[in-house]
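Below: one structure, written as structure tokens.
Here, residue 1 is the first one in the sequence, and each next residue gets the next number. Side chains are part of it too, since the values below use all heavy atoms of this structure and drop only hydrogens, waters and symmetry mates.
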Amino acid sequence: MSIDRKSLSRRSLLRGMFQGTAIGVGLPWLECLVPSALAEGGAVHPLRFGTWFWGLGVTPGRWTPSVGENGELNLLAESAPLESVKQHLNFMTGFDAILDGRPNHVHFSGTFALRSGIACQKIGQVEGPTFENHIADHMSASTRFKTIDFAATGNPRDAYSFRSAQVRNTPEATPVELYNRIFGAGFQRPGEGEFEPDPRTLSRLSVLSVVGEQRRALEAQLGREDRQRLDQYFTSVREVEQQLELQTQEPVIPEACTIPESPLQAEGNYDLANVHANHAVMSRLLALALACDQTRNFNALFSNSASSLHRSGEASSHHLFTHEEFTDSDLGYQVETSHFVVENMKGFATFIEALAAIPEGDGTLLDNTLVLAHSDTSWAKIHAVQNIPMMTAGSFGGRVKTGENIVANGDPITRVGLTMQQITGLPVESYGTRSMETSSPVTQLYA
């Protein structure tokens with residue numbers, strides 16, 4: 001029996017897109033899951049999810065927009081750089097990290113209350129995986145990379161995505177590193193001839209698959225905590241196996257995939273101009289990786305949580321300004337600190353524009369993407385973890401509204417984390433611990 005390779009590839013793509021979707025795994029649900037283009041014989045575009053992070057929050061009263069009589073968002077001074085992309089955004093305020101008497105570990109507690117659902121007991125110690133990894137496990141099971149992460153600061157430790165309490169996702173820290181990860185060795189370029197699996201890959205896959213008996217024997221000799229560590233290790237090995245297995249199959253490269261030239265070597269550091277330049281290049285590379293279906297998940301960082309951004313030639317950083325700068329007696333806010341918030345928002349606008357610049361079907365890559373942007377604190381001067389600023393961008397294939405200003409009233413920030421998981425198809429009914437446990441998603445986001 002002959003097999004149509006194009007039909008097989010199309011079926012494989014669909015299976016990867018909808019495998020394990022919480023909305024329903026049976027065929028009767030397929031009609032509501034698959035874009036109408038499929039029924040018409042058109043292309044199916046995968047959905048993507050990712051996070052974008054900036055440090056040290058915003059200035060109270062200078063960032064949160066209002067909604068005008070025409071329903072449009074009226075941006076303020078610190079959100080003004082987002083004017084060109086505001087139609088793609090939702091703003092979310094009034095959500096709190098509820099610590100239940102645990103310490104506020106500055107530049108740490110707010111981030112991981114959202115991402116892990118836990119108010120951490122010890123500084124620097126994450127007590128569980130962060131939710132975007134569960135989403136990546138669900139959405140990127142059939143892609144070359146489970147997730148692609150980058151830090152425009154040049155520091156690979158500037159990362160807030162944890163696969164477990166001990167395992168951090170390490171980001172690429174320069175444009176060249178990111179390019180080599182995506183389009184370097186192992187990338188199958190369209191039109192390179194008949195696909196043949198690399199024999200070295202087959203050999204590595206075989207070697208990784210024969211250690212089952214040794215694993216069981218070792219587990220029998222270990223205590224509970226050591227067994228957990230061993231399980232985490234073998235989970236990571238299994239993920240490597242899955243990626244190797246994908247390399248033995250002919251890749252499905254979308255026709256719209258564009259392969260860029262390698263960027264010039266650039267230094268990574270906290271100089272503001274340098275961060276902007278690297279972030280712009282890295283945003284474009286990530287957008288192309290998504291368009292080429294190398295991954296469907298990502299984590300991008302413009303500035304670290306205790307923001308070390310500084311202007312060239314100046315001794316003070318954004319972080320120092322938040323604590324040492326006097327409030328202007330006439331204006332009523334910290335002027336230099338506010339300038340850095342504006343720079344962070346310029347960075348987010350650049351990121352969203354990179355996604356929106358790539359055509360996909362009748363829309364753009366951004367239309368099939370959902371980005372959650374957030375900071376670690378609201379007002380950095382006092383390290384507040386109440387009213388942490390958050391945004392979403394993109395409509396996720398029409399499942400998410402845009403142009404909304406959602407104002408909560410001290411609700412747990414985990415409502416947002418729960419919403420992201422449910423929208424992306426995870427069968428999660430509740431999320432968070434202690435006072436942050438919630439089963440109430442932010443339904444205002446639902447289209």
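Side-chain atoms of T322 do not come within 3.5 Å of backbone N or O of K381 as any donor-acceptor pair. No donor-acceptor pair under 3.5 Å is formed between the side chain of S338 and the backbone N or O of Q334. In this structure, the side chain of T377 engages the main chain of A384 through a donor-acceptor pair within 3.5 Å. A donor-acceptor pair is defined here as one N or O able to donate and one able to accept, closer than 3.5 Å; such a pair exists between the side chain of T414 and the backbone of M436. Between the side chain of E314 and the main chain of S312, no donor-acceptor pair closer than 3.5 Å is present. Between the side chain of N304 and the backbone N or O of S308, at least one donor-acceptor pair lies under 3.5 Å. A distance-only check finds a donor-acceptor pair linking the side chain of Q422 to the backbone of V428 [under 3.5 Å]. Proximity of a side-chain donor or acceptor of D100 to a complementary backbone N or O of S435 within less than 3.5 Å is detected. Although no hydrogens or angles enter the test, the distance criterion places a donor-acceptor pair under 3.5 Å between the side chain of T424 and the main chain of Q421. Checked by atom type and distance alone, the side chain of D96 never pairs as donor or acceptor with a backbone atom of I98 at under 3.5 Å.
For the residue pair N133 and N169, a side-chain donor N or O sits within less than 3.5 Å of a side-chain acceptor on the partner. Checking E78 against T59 by side-chain atom types alone, a donor-acceptor pair falls below 3.5 Å. S317 and H310 are not linked by any side-chain donor-acceptor pair at a separation below 3.5 angstrom, with hydrogens and angles left out of the test. For the 3.5 Å distance criterion, the side chains of T369 and D367 fail to qualify, holding no donor opposite an acceptor.
You'll find the side chain of L285 stays beyond 4.5 Å of the side chain of F150, heavy atoms only. Using a 4.5 Å heavy-atom threshold, the side chains of L366 and E360 count as separate. With a 4.5 Å cut-off on side-chain heavy atoms, V371 and T392 do not count as touching. You'll find the side chain of K146 reaches within 4.5 Å of the side chain of D137, heavy atoms only. Residues E437 and Y431 fail the side-chain proximity criterion, which asks for heavy atoms closer than 4.5 Å. With a 4.5 Å cut-off on side-chain heavy atoms, I182 and I148 count as touching. The shortest distance between side-chain heavy atoms of L290 and L365 falls below 4.5 Å. Annotation: side chain of L82 is in contact with side chain of F91 (closest heavy-atom distance under 4.5 Å).
Closest of all the heavy-atom pairs between M390 and L114 is SD-CD2, 4.2 Å. In plain terms, the two heavy atoms of T174 and G268 that are nearest each other are CG2-N, 4.4 Å. Residue S140 comes nearest to R296 through the heavy atom pair OG-N, 3.0 Å, listed as atom of the first residue, atom of the second, then distance. The shortest heavy-atom contact between C120 and V126 is SG-CA, 4.3 Å. Between S161 and D149 the shortest heavy-atom distance is CB-OD2, 4.3 Å. P156 approaches T170 most closely through the heavy-atom pair CB-CG2, 4.0 Å.
The aromatic rings of H383 and H107 lie perpendicular to each other, with more than 60° between the two planes, well past the 30° mark. In this pair, F108 and H105 present their aromatic rings perpendicular. The plane angle is above 60°, beyond the 30 to 60° band. In this pair, W63 and W54 present their aromatic rings tilted. The plane angle is within the 30 to 60° band.
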### Task
Begin from the C-alpha positions of E324 and S316 and carry the test side chain to side chain donor-acceptor pair (under 3.5 Å) through to its verdict.
CA-CA 9 Å; E324 297 180 358; S316 291; 5.1 Å; no
### Task
For side chain to side chain contact (heavy atoms under 4.5 Å, CB included), just list the numbers for F145 and R181, CA-CA rounded to whole Å, side-chain angles, deciding distance to a tenth of an Å, and then say yes or no.
CA-CA 10 Å; F145 299 111; R181 173 100 188 278; 3.4 Å; yes
### Task
Show your reasoning for whether side chain to side chain contact (heavy atoms under 4.5 Å, CB included) applies to T419 and Y446.
CA-CA 9 Å; T419 307; Y446 296 170; 3.9 Å; yes
### Task
Kindly indicate, with the supporting measurements, whether the criterion side chain to side chain contact (heavy atoms under 4.5 Å, CB included) is fulfilled by V442 and F95.
CA-CA 11 Å; V442 184; F95 294 91; 4.0 Å; yes
### Task
Go through D376 and T111 one step at a time and tell me if the side chain to side chain donor-acceptor pair (under 3.5 Å) criterion holds.
CA-CA 5 Å; D376 60 308; T111 295; 5.4 Å; no
### Task
Step by step, work out the side chain to side chain contact (heavy atoms under 4.5 Å, CB included) result for T153 and N269.
CA-CA 5 Å; T153 57; N269 56 43; over 6 Å; no
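Residues passing the side-chain contact (heavy atoms from CB on, under 4.5 Å) test with E336, sequence neighbours excluded: R311, F321, E325, H339. Partners of R168 under the salt bridge (Lys or Arg N to Asp or Glu O under 4.0 Å) rule, at least two apart in sequence or in another chain, do not exist in this structure. For S439, the side-chain contact (heavy atoms from CB on, under 4.5 Å) test picks out S430, with sequence neighbours left out.
For F49 and F298, the ring centers are positioned 6.0 Å apart or more. The ring of H276 has its center closer than 6.0 angstrom to the ring center of F302. Aromatic ring centroids of H323 and H319 lie under 6.0 Å apart.
From F112, atom CZ reaches atom CD1 of I413 across 12.0 Å, with rounding to the nearest 0.5 Å. Here T93 contributes atom OG1 and N387 contributes atom CG; the two are 5.5 Å apart, rounded to the nearest 0.5 Å. Note that CZ of F183 and CG of L288 are 5.0 Å apart. Values are rounded to the nearest 0.5 Å. Rounded to the nearest 0.5 angstrom, D293 CG and C257 SG are separated by 9.5 Å. Here the straight-line distance linking atom CE of M282 with atom CG of L301 works out to 9.5 Å at 0.5 Å rounding. Distance OG/S79 to CG/L73: 8.5 Å, rounded to 0.5 Å.
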Without placing hydrogens or testing angles, list every side-chain donor-acceptor pair under 3.5 Å for residues 400-412, not counting sequence neighbours.
| unit_1 | atom_1 | unit_2 | atom_2 | d |
| --- | --- | --- | --- | --- |
| T402 | OG1 | Q87 | O | 3.0 |
| N405 | ND2 | P65 | O | 2.9 |
| D411 | OD2 | R415 | NH1 | 2.6 |

Table please: side-chain donor-acceptor pairs of residues 344-351 below 3.5 Å, with sequence neighbours left out.
| unit_1 | atom_1 | unit_2 | atom_2 | d |
| --- | --- | --- | --- | --- |
| N344 | OD1 | S303 | OG | 2.7 |
| N344 | ND2 | F340 | O | 2.9 |
| K346 | NZ | E343 | OE2 | 3.4 |
| T350 | OG1 | K346 | O | 3.1 |

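Surrounding CZ of R157 are at most 12 heavy atoms belonging to other residues, nucleotides or ligands under 6.0 Å away.
Contacts classified as salt bridge (Lys or Arg N to Asp or Glu O under 4.0 Å) and involving residues 103-127 (residues at least two apart or in different chains) are given here: R102-E127, R115-E132.
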